[in-house]
Amino acid sequence: MIDIVVTQRIKPGFEAEAEALFREVETATLANDKGCLRYEWYRAEEPGTYILVERWSDRDAIQAHFKSAHMSALMPKLAPYAVEKFTTQRLTRLD
């Protein structure tokens, strides 16, 4: 299993638009992406900051997710609202 934590900062005043996109991609990912075990967006304490917690069965599932239609559609829609690109940390469980 591979866990991923993503941080995304959104420009002030665009939180509602970004949250709608996050919900849309969360629903599409959970419904369509094989190997996705967890995919949840959270609002952080810092205004305009969002955290995504993901769990995947393997690297192939992650790569397929990045190439999926819903992810390809999300990026151009989110770009006008984002302060910066996603900050991502991949975590691997200790055995």
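Below, each value reflects all heavy atoms present in this structure, side chains not excepted, and no hydrogens, waters or symmetry copies.
- Using a 4.5 Å heavy-atom cutoff, the side chains of L78 and I10 are in contact.
- Separation of atoms CD (Q63) and CH2 (W56) is listed at 10.5 Å; rounding is to 0.5 Å.
- Contact between Q8 and V83 at its shortest, heavy atoms only, is NE2-N, 4.3 Å.
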R43 vs E15, salt bridge (charged side-chain N to carboxylate O under 4.0 Å, His left out): CA-CA, chis, key distance, verdict: CA-CA 10 Å; R43 202 177 299 128; E15 294 86 357; over 6 Å; no
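- Looking at D3 and V53, their side chains never come closer than 4.5 Å, going by heavy atoms from C-beta outward.
- Of all non-hydrogen atoms in P76 and P80, the two that sit nearest each other are O-CD, 3.4 Å.
- Listed by chain and residue number, nothing satisfies the salt bridge (charged side-chain N to carboxylate O under 4.0 Å, His left out) test with E26 (two or more places apart in sequence, or in another chain).
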Run the side-chain donor-acceptor check on residues 33-40: report pairs under 3.5 Å with partners two or more places apart or on a different chain.
residue: D33; atom: OD1; partner: H70; partner atom: NE2; Å: 3.4
residue: D33; atom: OD2; partner: H65; partner atom: ND1; Å: 2.5
residue: D33; atom: OD2; partner: H70; partner atom: NE2; Å: 3.1
residue: R38; atom: NE; partner: E40; partner atom: OE1; Å: 2.7
residue: R38; atom: NH2; partner: E40; partner atom: OE1; Å: 3.0
residue: R38; atom: NH2; partner: Y42; partner atom: OH; Å: 3.2
residue: E40; atom: OE1; partner: Y42; partner atom: OH; Å: 2.7

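- A ring pair (Phe, Tyr, Trp, His ring centres under 6.0 Å) with Y81 holds for exactly one of Y50, F14, F22; it is F14.
- The CE atom of M71 sits 6.5 Å away from the OG1 atom of T29 when rounded to the nearest 0.5 Å.
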